[in-house]
Amino acid sequence: MTGFGTWPDDFRSGFACFVGRPNAGKSTLTNALIGQKIAITSSRPQTTRHAIRGILHRPDAQLVVVDTPGLHKPRTLLGSRLNDVVRETWAEVDVIGFCVPADQPVGRGDEFIVNELRSVAGRTPVVGIVTKTDKGRPEQIAERLTQLSGLMEFADIVPCSAKSGDQVGLLSDLLVAKLPEGPPLYPEGELTDEPEETLIAELVREAALEGVRDELPHSIAVTVEEMIEREDRPADNPMLDIHATIFVERQSQKGIVIGHKGERLRQVGTDARQQIEALLGVKVYLDLHVTVLKDWQRDPRQLRRLGF
């Protein structure tokens, strides 16, 4: 017995992670499995920067899904550190899901990851997943499944769509079956073990990424400076003041994020605030500042300051 209640004798619990090249649908799949948004998603590659853990509670199991950055050939110190996060995660999980999108052919990036995966496949089962089946035609999905089975020996292969929910339940069953028997690792109802500040900073970054030009995504970082509950509010209608800083690498990028007469930054604030209020369940006043931190992706001191 723990503080988590009782559980059946054959209860399973453990960790899974999704890997794949950037933009393979890993974060969207994590959110679909957990049933709530805990990982930020974007049409931009390499959106995920931290290993974010989401917790799926089932009557027969507890599956902790670790959403990792996309593995890629790094061009900056930040890129190298993101790859390190991925490899460290692989070493610690009970099952790995390797994702390839249905609407894109298997390519060199996928082969690069599979070569890396072979080093852990002997001790950790790897499930092949064709994601985004809602975007692929039946013949594309069939071709992707064939290509996938030719890459390496997978414990299982499954096509699914996080967007429509098609076969997400089956994927959950396949992952749970690979977990060891044991008690729950987290209390019932807990959906992530990420600090609120991390999730809020990620939601601000997600809002800032939408609609900006291609050169910007990797140059944006966000930190939450402070979160204070407003004192003059009635107890049944609290409000949180959140002050956050958006960091970019160059003065020209600052102009892009702020936009003409500050319009872009106001839109970022509105979009992020709605997501943060949904996450926390309270009204939020969000104060955003944009600061230039020159070439922070290549500077070890600045990377430490920003939490990498």
Side-chain angles (χ1 to χ4, degrees), residues 12 14-34 39 41 45-46 48 51 54 56 58 61 63-73 83 85-180:
R12 292 178 182 275
F15 293 83
C17 77
F18 296 130
V19 300
R21 59 189 148 99
N23 219 9
K26 302 178 293 295
S27 297
T28 311
L29 195 52
T30 298
N31 292 337
L33 268 174
I34 305 307
T41 58
Q46 281 160 254
T48 304
L56 170 66
R58 298 179 17 154
L63 175 68
V64 185
V65 184
V66 188
D67 183 41
T68 62
L71 196 69
H72 61 291
K73 288 210 162 63
N83 278 354
V85 169
V86 178
R87 293 191 183 97
E88 283 162 19
T89 303
W90 292 4
E92 294 167 0
V93 297
D94 301 294
V95 55
I96 296 170
F98 172 62
C99 300
V100 297
D103 59 338
Q104 293 167 30
V106 168
R108 286 219 301 267
D110 300 301
E111 288 163 11
F112 168 71
I113 295 167
V114 163
N115 284 334
E116 298 262 332
L117 275 174
R118 285 201 179 96
S119 65
V120 293
R123 59 181 185 278
T124 307
V126 181
V127 175
I129 305 167
V130 175
T131 59
K132 306 185 184 184
T133 54
D134 54 289
K135 287 186 168 182
R137 299 187 305 278
E139 63 271 21
Q140 280 181 308
I141 296 166
E143 184 188 353
R144 222 54 75 236
L145 290 166
T146 306
Q147 287 178 324
L148 204 51
S149 54
L151 281 176
M152 67 178 272
E153 191 73 38
F154 289 101
D156 286 295
I157 294 182
V158 60
C160 67
S161 165
K163 198 166 183 186
S164 70
D166 186 41
Q167 301 231 96
V168 171
L170 172 61
L171 174 61
S172 172
D173 291 343
L174 291 174
L175 296 173
V176 162
K178 312 280 185 288
L179 301 180

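Source: prediction; values computed, not measured.
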Separation of Asp110 CG from Gln104 CD (nearest 0.5 Å): 8.5 Å
For the CG atom of Leu175 and the CG atom of Asp156, what is their distance to the nearest 0.5 Å? 9.0 Å
Residues passing the side chain to side chain contact (heavy atoms under 4.5 Å, CB included) test with Leu170, sequence neighbours excluded, are Val158, Gln167, Leu174
Side-chain donor/acceptor of Ser149 to backbone N/O of Leu145, under 3.5 Å: yes
Counting only heavy atoms not in Glu139, do more than 12 fall under 6.0 Å of its CD? yes
Sort out for me which residue in Leu29, Leu33, Asp166 forms a side chain to side chain contact (heavy atoms under 4.5 Å, CB included) with Cys160. Leu29
Indicate yes or no: at least one non-hydrogen side-chain atom of Leu148 is less than 4.5 angstrom from one of Val100. yes
Under the side-chain contact (heavy atoms from CB on, under 4.5 Å) rule, what do Leu56 and Ser172 come out as? Steps first, then yes or no, please. CA-CA 9 Å; Leu56 170 66; Ser172 172; 3.4 Å; yes
Taking the side chain from Glu116 and the backbone from Ile113, do they hold a donor-acceptor pair closer than 3.5 Å? no
Minimal heavy-atom distance between Ala155 and Pro125, with the atoms involved, is CB-CB, 4.1 Å
Checking the side chain of Lys178 only, and the main-chain atoms of Val127 only, is there a donor and an acceptor separated by less than 3.5 Å? no
Using the side chain to side chain donor-acceptor pair (under 3.5 Å) criterion, which residues pair with Gln147? Sequence neighbours excluded. Arg144
By side chain to side chain donor-acceptor pair (under 3.5 Å), which residues pair with Asp94, not counting sequence neighbours? none
Salt bridge (Lys or Arg N to Asp or Glu O under 4.0 Å) against Arg118, all qualifying residues, sequence neighbours excluded: none
Residues two or more places apart in sequence or in another chain: which of them pass salt bridge (Lys or Arg N to Asp or Glu O under 4.0 Å) with Asp103? none
Heavy atoms only: give me the nearest Cys99-Lys26 pair and the separation to one decimal. SG-CG, 4.2 Å
Are Leu151 and Phe98 close enough that some pair of their side-chain heavy atoms sits under 4.5 Å apart? yes
Between the CZ atom in Phe154 and the CD1 atom in Ile96, the distance rounded to the nearest 0.5 Å is 10.5 Å
Could you tell me the separation between the CD atom of Glu111 and the CZ atom of Arg21, rounded to the nearest 0.5 Å? 10.5 Å
Sole candidate of Val95, Val64, Leu63 that passes side chain to side chain contact (heavy atoms under 4.5 Å, CB included) when paired with Phe15: Val64
Mind running side-chain contact (heavy atoms from CB on, under 4.5 Å) on Lys163 and Thr28 for me, showing each step along the way? CA-CA 8 Å; Lys163 198 166 183 186; Thr28 311; 5.7 Å; no
Least distance between heavy atoms, Ala102 atom then Gly136 atom: CB-CA, 4.2 Å
Quick check: does any side chain N or O of Arg12 sit under 3.5 Å from a backbone N or O of Leu179, one acting as donor and the other as acceptor? yes
Write out all pairs satisfying side chain to side chain donor-acceptor pair (under 3.5 Å) with one or both partners inside residues 125-135, taking only residues at least two apart or from two chains. Asp134-Ser161
